[in-house]
Amino acid sequence: MAQEGNSNRGLKGSFMNEHYHPKPIERRWQDYWKNNKIFEAREDPSREKYYLLEMFPYPSGKIHMGHVRNYTIGDVVARYKSMRGFNVLHPMGWDAFGMPAENAAIANNTHPARWTYENIDFMRRQLKSMGFSYDWDRELATCRPEYYRWEQWLFLKMYERGMVYRKESEVNWCETCQTVLANEQVEQGLCWRCGKEVGSKKLKQWFFKITDYADDLLEHSDKLLPGWPEKVVTMQKNWIGKSIGARILFPLADRDFSIEVFTTRQDTVFGATFMVLAPEHPLVPELSRGTAQEGEVARFVERMARQDKALRTAEDYEKEGVFVGAYCINPMSGRRMPVYTANFALMDYGTGAVMSVPTHDQRDFEFAKKYGLDLVVVIDRPDDSLDAAAMTEAYTEDGVLVNSAPFDGMGNRDAMEAIADHLEKNGIGSRSVQFRLRDWGISRQRYWGAPIPMVHCPACGVVPVREEDLPVVLPEDADLLPGGKSPLTALESFMKTSCPACGSEDARRETDTMDTFVESSWYFERYCSPHYHQGMFDTRAVDYWMPVDQYIGGVEHAILHLLYSRYFTRVLKDVGLVKFKEPFTRLLTQGMVCKETMKCATHGFLFPEEAQGSGNERTCVKCGGPVEIGRMEKMSKSKKNVVDPARLLEQYGADTVRLFCLFASPPERDLEWNEQGVDGASRFLNRVWRMTHQRLAEVSGVDAYEGSPEALKGDSRELYRKTHDTIRRVSTDIEDRFHFNTAVSAIMELVNEIYARENVLKASRGREILKKAMETVVVLLAPIVPHMAEELWEALGHEPGIAHAPWPEFRQDALATRTLTIVVQVNGKLRSRLTVDADTDEESIKDHALEDPQVKRFIEGKTLRKVIYVPGKLVNVVV
RNA sequence: GCCUGGGUGGCGGAACCGGUAGACGCAAGGGACUUAAAAUCCCUUGGGGCUAGUCCUCGUGCGGGUUCGAGCCCCGCCCCAGGCACCA
């Protein structure tokens, strides 16, 4: 600490021993926060709440830079709001079910539960060492029965309301491993484990009827999510994919029933020249039966069934199909249309049947050309007519109807309505809306997930578990089977149960577990009362805290997790548990953390520590060969361009890591990792540390100046002005824009100013002004580098606890300057600057500008046309 | 192909309502301190030019336009990233 006698020495170099050591400081304050329950949140109706939430992590082993960035951003906002007087809820927990636990268990011969809980313990310690302001008493893990029992409870409620149903659905199936594969376990159509080709298999699976809410979710996307990034809203809208059109019945030529199609282009119905059915369409075998096509059709359908889904949706997938041997009649044109089945028709969209209009749909056009089918133009360009025979692509623009009997000459937009009316009036079709969104398949043939609370009884069929029998506990004594097949099916103690309806002892439990997205669709509500055992949550707590005011996470969850959460919240509302529809008022999607990749010709990708040297001259530590520097990419283990937060924490401390994450780029953009930048952040903190300690003796016992700037002059006035301007800038940067990088810049500028205004101590009130500036630096840094801020706050003579210190307000009157710099332009080009008193009127500023020698040079001999004055900013002389 | 973002010094990035382009940091160079180094503190740093200034000129992906004035607005392109993509 500074000694009295040091005060009259120069500021520079007198306290060389004052060095910043983050480790003990961080330990000390983390203990302080914990012991004093500084971040414990309690409902308090007299205070305005602020619920800040970051997407909870999957406990994969240890935290990575993506977590560090995400949680640092959230922590700054939480701490800032807390200093602003809000009652802040800032919880943390674990998205603890999922496949990696099973994989690790098989690979390391441990149990998924053990692996998961050990990871949680390790990662919790890591998060604590970052100094995040979580209320750890609210921690939850979704794999615990006391969590998922309420999920099972809600499942039963949804089942009662018809929100849950079972249907046949395809899964990826590996014959060799005898197991179901998730999409991410299928690599280019091959099983990730054995490398054999993946097929598909039909299983009866559970679904949530999210499509019931498609319209509602879509509508609110626009109206009620103003605090969401437009990008995310658009992605959700596309995902829901509402299409407005019509259903039309096409009678079969020789039978007395019809094929129903969905189309968005009923205006082109007269141009429909053939029909396409999905290979899975029930009419395909029926129509081909007994025809010459029967064998070929059966072979085609069989081949499509075996084909991998990933392949079928591949980019340059060749359109192919076969004639099924039957014809239908176009109800509008009367044309006899051959019926085909083709790979591109999907059974689960619309009706699984497509009326094909090759002249006005590119896909139909290609198919027709390939199989020599007829083309009839029904929409002409407004100015010239199309010749079907000469077309090289479909005409999909607007135009005028032709070859459409009573509708000829009508604009196609009008014809849409007119034809829809005609269809409805004649009972051959109706207006219809389709969504791209499918129901949410939640069944997973996996062990490490929440059991679906259903029982299969030979007598009663599928029966829900009784509410009082919940939870259906996932047995932890299961042995994992090689290949990943769920061990539940082999576990007699789990499988065997009695029927809740008839009591039969022959009943079997459902062995499917729920998709982990189910757990993450309501955890934010559970946080409000995590220890509540009478229901999913205490509605009073939820009424107080929800909705989440600010949600922060990666853009990779922009669609599924967020859409499912919005859906679940609607379900909870319908069940009567919550009063709102939208769980997240504001959303911030932060960018990825990136780093350049490094590759050695013999050793492939290299970890950063496996290359030595700098710049483009790096060599491989294993073989000394040259290292090729690749482009910036998202940090990933497979590319080895990763930085382990644990190492950084060890080397620099949490505050430096936090500072760098915030300073390097604004949160929504990608962050390019740069070790020298981390050094820079560390250097700045050292500078702040020194700045404070070197001046401590000067300001100890002095109260920070809080008065009017009236009496201040020179350096005092300037430093005071800069101090308040910094408060203003940092507040708006954090509050309105989450631009922490510019907030940090502003604080850096203030620190630079303190160094530059050494003479302030000679002025009257100098010490008080200096103290105010120094305190401001510390208090503004508090949400960003909380440990150092606490330490310096105490050193400056305050009681511990900057976390709850009030955020400073800026004084408008302190921002004013005595003089203004007015820029003078001639014809828009900068020519001179004027320094004038702040109260100088417009006329005299203009006069000054015209008399300025620099300006005169450029207006001499020219006609003065106009003089524009922007108050306090500039004069533009137009000649 | 469609929908979003984005393109600014050697680099990360600033520029808030159309008004001084390049804040802040990194890197680089120079100086001070030191026996020396590290650390620290100070200075310089977009390109070009000359008469060396309180100077001129070019410059925010490219080409046009609106305006007294455009990185920012409008029209037409190019490139990069992300998302969707046989959805009838």
Side-chain angles (χ1 to χ4, degrees), chain A residues 11-13 16 19 229-235 237-239 241 243 245 261-265 276 278 312-315 317-319 342-346 348-357 361-364 366-367 434-438 555-556 558-559 591-592 614-615 632 660 663-666 668-681 683-684 686-687 690 729 732-733 736-737 739 741-749 751-752 755-756 821-833 852-854 857 865-868 870 872-879:
Chain A
L11 289 176
K12 280 177 226 157
M16 301 303 282
H19 219 82
E230 203 186 295
K231 175 174 67 164
V232 175
V233 174
T234 315
M235 280 161 71
K237 277 159 68 179
N238 292 341
W239 188 258
S243 298
V261 303
F262 171 75
T263 180
T264 53
R265 292 296 306 273
V276 174
R312 205 169 140 177
T313 51
E315 220 171 300
Y317 199 69
E318 175 79 18
K319 289 160 196 41
N343 56 355
F344 62 81
L346 308 170
D348 59 355
Y349 184 81
T351 62
V354 186
M355 69 169 209
S356 293
V357 185
D361 180 282
Q362 187 56 25
R363 185 192 53 203
D364 295 346
E366 286 165 29
F367 193 82
Q434 274 298 316
F435 293 93
R436 210 187 72 99
L437 181 72
R438 311 293 207 269
V555 73
E556 65 273 19
I559 299 174
M592 300 179 295
S614 61
M632 283 285 172
F660 176 73
F663 182 61
S665 70
E668 66 278 9
R669 255 203 259 182
D670 287 352
L671 184 153
E672 294 184 14
W673 194 263
N674 172 349
E675 200 76 16
Q676 280 151 344
V678 184
D679 271 329
R683 221 175 295 154
F684 171 68
N686 271 290
R687 190 167 151 90
R690 272 193 310 275
R729 285 170 64 189
T732 57
D733 283 350
D736 305 341
R737 312 194 304 164
H739 279 198
N741 56 333
T742 50
V744 172
S745 307
I747 300 171
M748 286 172 166
E749 283 184 44
V751 172
N752 291 344
Y755 273 89
T821 302
I822 303 288
V823 168
V824 187
Q825 300 178 332
V826 177
N827 286 345
K829 284 193 178 176
L830 174 66
R831 293 304 177 194
S832 181
R833 292 181 178 85
D852 185 274
Q854 277 299 322
R857 272 178 54 200
R865 304 180 78 100
K866 212 190 218 176
V867 181
I868 290 151
V870 180
K873 284 244 163 108
L874 66 77
V875 174
N876 190 11
V877 182
V878 187
V879 292

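In what follows, chains carry the letters A, B, and so on, assigned in the order in which the sequence lines appear, proteins first and then strands, with residues in each chain numbered from 1.
Atoms CZ and NE2, on R690(A) and H19(A) in that order, are 7.5 Å from each other to the nearest 0.5 Å. Here the CG atom belonging to N686(A) is positioned 10.5 Å from the CG atom belonging to D679(A), to the nearest 0.5 angstrom. Once rounded to the nearest 0.5 Å, the distance linking CE of M748(A) with OG1 of T742(A) reads 12.0 Å.
Note: CD (E366(A)) to P (rC86(B)) measures 13 Å, nearest angstrom. Atom pair E668(A):CD and rG13(B):P shows a separation of 11 Å (rounding to whole Å applied). In this structure, K829(A) atom NZ and rC68(B) atom P are separated by 17 Å, rounded to whole Å. At whole-Å resolution of the value, CZ in R857(A) and P in rG53(B) are 14 Å apart. Atom P of nucleotide rA88(B) and atom CG of D364(A) are separated by 12 Å, given to the nearest angstrom. Nucleotide rC24(B) holds its C1' atom 10 Å from the CZ atom of F684(A), rounded to whole Å. Rounding to whole angstrom units, CG of residue D348(A) and P of rA88(B) are separated by 13 Å. Between N741(A) atom CG and rC16(B) atom P the separation is 13 Å, expressed in whole Å.
Taking only side-chain atoms of T742(A), from C-beta outward, the nucleotide of rU54(B), rA88(B), rA15(B) with the closest atom is rA15(B). Closest approach to the A664(A) side chain among rG12(B), rA88(B), rG13(B) is made by rG12(B) (side chain taken as heavy atoms from C-beta onward). Nearest to the side chain of E672(A), among rG12(B), rC3(B), rC87(B), sits rG12(B). Looking at the side chain of S745(A), the nearest of the listed nucleotides rA88(B), rA23(B), rC87(B) is rA23(B). The nucleotide whose nearest atom lies closest to any side-chain atom of M235(A) is, among rG83(B), rC55(B), rC87(B), rG83(B).
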Give each protein N/O atom lying under 3.5 Å from an N/O atom of nucleotides 25-28 of chain B, with the pair distance.
{"from": "rG25(B)", "atom 1": "OP1", "to": "N752(A)", "atom 2": "ND2", "distance (Å)": "3.3"}
{"from": "rC26(B)", "atom 1": "OP1", "to": "R683(A)", "atom 2": "NH1", "distance (Å)": "2.9"}

Pick out the pairs of N or O atoms, protein on one side and nucleotides 17-20 of chain B on the other, that lie under 3.5 Å.
{"from": "rG19(B)", "atom 1": "N2", "to": "Q825(A)", "atom 2": "OE1", "distance (Å)": "3.4"}
{"from": "rG19(B)", "atom 1": "N2", "to": "N876(A)", "atom 2": "ND2", "distance (Å)": "3.4"}
{"from": "rU20(B)", "atom 1": "O2", "to": "R833(A)", "atom 2": "NE", "distance (Å)": "3.3"}
{"from": "rU20(B)", "atom 1": "O2", "to": "R833(A)", "atom 2": "NH2", "distance (Å)": "2.9"}

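A donor-acceptor contact under 3.5 Å links the side chain of K319(A) to the base of rC86(B). Evaluation of atom-type donor-acceptor distances gives no pair under 3.5 Å for the side chain of R436(A) against the base of rC84(B).
Residue-level contact check: R438(A) touches the bases, meaning some heavy atom is under 4.0 Å from a base atom. If you check every strand for non-hydrogen atoms under 4.0 Å, P666(A) touches sugar and phosphate atoms only. At the heavy-atom level, S832(A) lies nowhere under 4.0 Å from the strands shown. Counting any heavy atom pair closer than 4.0 Å across all strands shown, V354(A) reaches a base atom. Using a 4.0 Å heavy-atom distance criterion, E230(A) is classed as a sugar-phosphate-only contact.
Proximity of the aromatic rings of F367(A) and F344(A) is defined here by a centroid distance below 6.0 angstrom, and this criterion is met.
Within the 4.0 Å cut-off from OP1 or OP2 of rA15(B), at least one side-chain nitrogen or oxygen of R737(A) is found. Contact between the side-chain N/O atoms of K231(A) and the OP1/OP2 oxygens of rG5(B) is not found at any separation under 4.0 Å. Considering only side-chain N and O atoms, R363(A) lies nowhere under 4.0 angstrom from the phosphate OP1 or OP2 of rA85(B). In this model, the phosphate group of rA14(B) is approached by a side-chain N or O of R669(A) to a distance below 4.0 Å at OP1 or OP2. Side-chain nitrogen and oxygen atoms of R831(A) include at least one within less than 4.0 Å of the OP1 or OP2 phosphate oxygen of rC56(B).
Taking atom P on both nucleotides, rC16(B) is separated from rC26(B) by 24 Å, rounded to a whole Å. For the P atoms, the distance linking rG48(B) with rC42(B) amounts to 29 Å, nearest Å. The gap from the C1' atom of rG49(B) to that of rG64(B) amounts to 29 Å, rounded to the nearest Å. As rounded to the nearest Å, rC33(B) and rA81(B) have C1' atoms that lie 48 Å from one another. Comparing the same atom, P, in rU45(B) and in rG53(B) gives a spacing of 14 Å after rounding to whole Å. Spacing of C1' atoms, rA28(B) relative to rC80(B), comes out at 28 Å, to the nearest Å. Nucleotides rA21(B) and rG13(B) have their C1' atoms positioned 13 Å apart, rounded to a whole Å. When the P atom is used for both rG9(B) and rG71(B), the distance is 14 Å, rounded to whole Å.
Between G350(A) and L671(A), the one whose closest nucleotide on RNA chain B sits nearer the 5' end is L671(A).
Contact of the L671(A) side chain with the F660(A) side chain is registered, since non-hydrogen atoms from C-beta on lie closer than 4.5 Å. The closest side-chain heavy-atom distance from Q854(A) to R833(A) is not below 4.5 Å. Using a 4.5 Å cut-off on side-chain heavy atoms (C-beta onward), R865(A) and V879(A) make no contact. The side-chain heavy atoms of R363(A) and K319(A), taken from C-beta on, include a pair separated by under 4.5 Å. Counting heavy atoms from C-beta on, the side chains of D348(A) and R438(A) come closer than 4.5 Å. Side-chain contact check for V878(A) versus N827(A): some heavy-atom pair is nearer than 4.5 Å. Side-chain contact check for Q434(A) versus T264(A): every heavy-atom pair is 4.5 Å or farther apart. Looking at L830(A) and V823(A), their side chains come closer than 4.5 Å, going by heavy atoms from C-beta outward.
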Bracket string, RNA chain B, 5' to 3' - pairs by Watson-Crick or G-U geometry under 3.5 Å, | interstrand: (((((((..(((......[....))).(((((.......))))).(((((..).))))..(((((..]....))))))))))))....
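Scanning both residues, V357(A) and D364(A), for their nearest heavy atoms gives N-OD2, 3.0 Å. Contact record, T351(A) with V261(A): OG1-CA, 3.4 Å, taken as the closest heavy-atom pair.
In this structure, rC73(B) shows a glycosidic angle more than 90 degrees from zero, which is the anti conformation. Base orientation at rG9(B) is syn, since its O4'-C1' glycosidic dihedral falls within 90° of 0.
Remark: R687(A) qualifies as a cation-pi partner of Y755(A) under the 6.0 Å distance and 45° angle criteria applied to the six-membered ring.
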